[in-house]
Amino acid sequence: MPKVEEPNDKVREQIEEILENNERKKPVPIRIARPVTPRKVRSGTPIWYPTPEKLIVAGLALMVIAVVTRTLVLPLTVAGFALAGFGYYLLVARKRRSKFGAPGAGPTDNSPKYWRGKPVKPSRPSGTVKRRDGNILDFPDSDQDKPKRRFGRKR
């Protein structure tokens with residue numbers, strides 16, 4: 001009696017044929033988009049731009065030059081102190097500007113926060129905890145929860 005092919009055998013043979021054909025072909029790389037050359041990213045300020053740190057280093061370098069060469073000691077030392085002092089002043093002023101939220105002085109925390117396109121409200125209002133002089137925090141209803149004891153623990 002002739003053997004009848006089952007449909008599963010046909011499907012299995014077709015799958016094996018397809019797999020063999022795919023193995024013979026070279027894999028073609030899939031190109032999603034054309035390759036883009038990476039841009040040059042400028043981080044920070046240019047090397048020639050005077051920053052407070054560079055002014056302090058330049059002032060110290062002038063003072064070292066005055067000590068090493070021993071010529072024009074007074075003018076180089078005064079110029080070094082002036083540069084270093086001015087750099088220090090700019091450094092402190094920059095930190096104060098960023099601390100008090102001057103525009104362009106650094107990141108500020110006043111910007112509204114968003115989650116999935118909707119503004120996020122704070123979990124508790126900022127008025128619940130009050131600050132007094134001396135960094136003492138007053139929490140509302142904290143005194144009502146505790147029984148008042150004037151002379152230490154109850155025995």
> Considering residues at least two apart in sequence or located in another chain, which fulfil the side-chain contact (heavy atoms from CB on, under 4.5 Å) criterion with Leu55?
Pro50, Leu83, Phe86, Leu90
> Specify the closest pair of heavy atoms between Arg94 and Pro52, including all atoms of both residues, with the distance to one decimal.
NH1-CD, 4.1 Å
> Checking side-chain contact (heavy atoms from CB on, under 4.5 Å) between Thr69 and each of Val67, Ile65, Val73, Leu72, which is the one that passes?
Ile65
> Between the side chain of Lys54 and the main-chain N/O of Gly87, is any donor-acceptor distance below 3.5 Å?
no
> Looking at every heavy atom in both Ile56 and Leu91, which two are closest together, and how far apart are they?
CD1-CD2, 4.4 Å
> Is there side-chain contact between Glu13 and Lys10, with at least one heavy-atom pair below 4.5 Å?
no
> Is there a path of hydrophobic side-chain contacts, each under 4.5 Å between heavy atoms of I, L, V, M, F, W or Y residues, that connects Phe81 with Leu60?
yes
